[in-house]
Amino acid sequence: MPSRSIFEDRRVVFASATLCCLLWGSAFPAIKGGYALLEIAPSDIASQMLFAGYRFTLAGLALLLYAGWTGRSLWPGAGQTRQLLLLGATQTGLQYVFFYIGLAHATGVKGSIMSSTSTFFSVLLAHFIYAEDRLGPRRIAGCALGFAGVVVVNVAGAGAGLDLDFRLMGEGFLVIAAFIVAAASIYGKRVSQRLDAAVMTGYQLAIGGLLLCLLGFVLGGDVGDLDLQSGSLLAYLAFLSAVAFGLWSTLLKYNPVGMVAIFNFLIPVFGVLLSALLLGENMLEWKNLVALCLVATGIWLVTWSRARAAAPVS
């Protein structure tokens, strides 16, 4: 009988998944802090792409170096090469084009909550792709609560009635990015069946990062000269991407998707808390708290039903 992986231990799953969500949540204030340090304006799309490209190229190379150092094969087959190119171009490249532009035109609090809609897109897409993953009343209720949270967080300030503060290049782009990552993740699940998770993630990040760098250079992007502070922030963003994406892929390899996915609700929680702490954004505004509760409850409902569906029949 093959020995169990340490990543199948429930305590390790809990600690690792929580760490991933904490790292992803910290990305929201870190990216906005990087924009401020490097004086990248919200309208400077080219420099935003270059900034993102540096981050993911470094993260991908770090993961591939780690994979090689631990003795894993770094050479995918011909068919896998095409799959990795497509995965990197979409899940890292295209997604973060929309994500970085959107976050530049939205607050960190809004960004962390709205990006969580990828969970609901995953559920909806799975309904049409997998016969065993149909929408039920509990999942429908979870999706409804999650999108209600998206609406609430976009209600304009006091005295604005029911007007919605929603901009295509801000909140709209964040929702588009969430849809892309949901669709690409379903495709990535198929790719990971025949390729090591760390190697797949390393190539995905590096390919997407290089494409973002190319786009940024072609459009005339410039992040200036990195000093100790901005360079350290960029290194942290690359570190969190390598660790979180690589660790999450490993957890999914050894555990049912539903059991790991339930931790997703922590991402907007950490994102809101850290954005409030580090950026001075108002976490205690009623609409942010209500939206956060709705999104977290919705994700819990959806992933709870996934976990039950994924449980083996005894």
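- How far CG of Leu211 is from CZ of Phe56: 12.5 Å, rounded to the nearest 0.5 Å.
- By the 6.0 Å contact criterion, CG on Leu219 is enclosed, its count of non-hydrogen atoms from other residues, nucleotides or ligands being greater than 12.
- Counting heavy atoms from C-beta outward, Val191 and Gln204 have side chains that stay 4.5 Å or more apart.
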Self-check item: Trace of the side-chain contact (heavy atoms from CB on, under 4.5 Å) decision for Leu87 with Met200
Solution: CA-CA 9 Å; Leu87 192 62; Met200 181 195 75; 4.1 Å; yes
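- Taking the six-membered ring where the residue is Trp, Tyr35 and Phe51 present tilted rings, their angle falling between 30° and 60°.
- Atom OH of residue Tyr54 and atom CG of residue Leu212 lie 12.0 Å apart, to the nearest 0.5 angstrom.
- For the salt bridge (Lys or Arg N to Asp or Glu O under 4.0 Å) test, no residue two or more places apart in sequence or in another chain qualifies with Asp222.
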Could you go through residues 18-27 and list every donor-acceptor pair under 3.5 Å that involves a side-chain atom there, pairing it with any protein atom two or more places apart or in another chain?
| unit_1 | atom_1 | unit_2 | atom_2 | d |
| --- | --- | --- | --- | --- |
| Thr18 | OG1 | Phe14 | O | 2.7 |
| Ser26 | OG | Leu23 | O | 2.6 |
| Ser26 | OG | Tyr236 | OH | 2.6 |

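- How far CG of Leu50 is from CD1 of Ile40: 8.0 Å, rounded to the nearest 0.5 Å.
- To the nearest 0.5 Å, atom CD1 of residue Ile176 and atom CE of residue Met169 are 10.5 Å apart.
- Looking only at distances, no side-chain donor or acceptor of Tyr96 sits under 3.5 Å from a matching main-chain atom of Thr90.
- In this structure, Val13 and Asp9 have side chains that are not in contact, with every pair of non-hydrogen atoms separated by 4.5 Å or more.
- Between Tyr203 and Leu74 there is a side-chain heavy-atom pair separated by less than 4.5 Å.
- In this structure, the side chain of Gln48 engages the main chain of Ala41 through a donor-acceptor pair within 3.5 Å.
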Quiz item: Stepwise, does the side-chain contact (heavy atoms from CB on, under 4.5 Å) test hold for Arg11 with Ile6?
Solution: CA-CA 9 Å; Arg11 293 167 296 183; Ile6 189 176; over 6 Å; no
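- Among all heavy-atom pairs drawn from Gly170 and His105, the shortest one is CA-CB, 3.6 Å.
- A donor-acceptor pair under 3.5 Å links the side-chain atoms of Ser230 to the main chain of Asp227, judged by distance alone.
- Considering CG of Leu38 and OG of Ser47, their distance stands at 9.0 Å, rounded to 0.5 Å.
- Val223 and Leu214 fall into different hydrophobic clusters, where Ile, Leu, Val, Met, Phe, Trp and Tyr side chains are chained together by heavy-atom contacts under 4.5 Å.
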Quiz item: Given Phe99 and Ile31, is the side-chain contact (heavy atoms from CB on, under 4.5 Å) satisfied, shown in steps?
Solution: CA-CA 11 Å; Phe99 178 81; Ile31 291 169; 3.6 Å; yes
Which pairs would a plain distance check flag for residues 76-85, meaning a side-chain donor or acceptor within less than 3.5 Å of a matching protein atom at least two apart in sequence or in another chain?
| unit_1 | atom_1 | unit_2 | atom_2 | d |
| --- | --- | --- | --- | --- |
| Gln80 | OE1 | Gly77 | N | 2.9 |
| Gln80 | NE2 | Arg194 | O | 2.9 |
| Thr81 | OG1 | Gly77 | O | 2.9 |

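- Taking each heavy atom of Ala197 and Thr201 in turn, the nearest pair found is O-OG1, 2.7 Å.
- The closest side-chain heavy-atom distance from Val175 to Phe179 is not below 4.5 Å.
- When all heavy atoms of Ala30 and Leu237 are compared, the pair lying nearest together is CB-CD2, 3.7 Å.
- Note that CG of Leu94 and CD1 of Ile180 are 3.5 Å apart. Values are rounded to the nearest 0.5 Å.
- A 4.5 Å side-chain heavy-atom check between Gln91 and Leu205 finds every atom pair outside the cut-off.
- Identified under the salt bridge (Lys or Arg N to Asp or Glu O under 4.0 Å) test for residues 197-211, with sequence neighbours left out: none.
- Partners of Asp196 by salt bridge (Lys or Arg N to Asp or Glu O under 4.0 Å), not counting sequence neighbours, listed by chain and number: Arg72.
- Transitive grouping of hydrophobic side chains (ILVMFWY, heavy atoms separated by less than 4.5 Å) keeps Met49 and Val181 in distinct clusters.
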For a quick test of your reading: what N or O donor-acceptor pairs under 3.5 Å do the side chains of residues 57-68 make, sequence neighbours left out?
| unit_1 | atom_1 | unit_2 | atom_2 | d |
| --- | --- | --- | --- | --- |
| Thr57 | OG1 | Gly53 | O | 2.7 |
| Thr57 | OG1 | Gly209 | O | 3.4 |
| Thr57 | OG1 | Leu210 | N | 3.2 |

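- When every heavy atom of Phe98 is checked against every heavy atom of Ala177, the shortest pair comes out as CB-CB, 3.9 Å.
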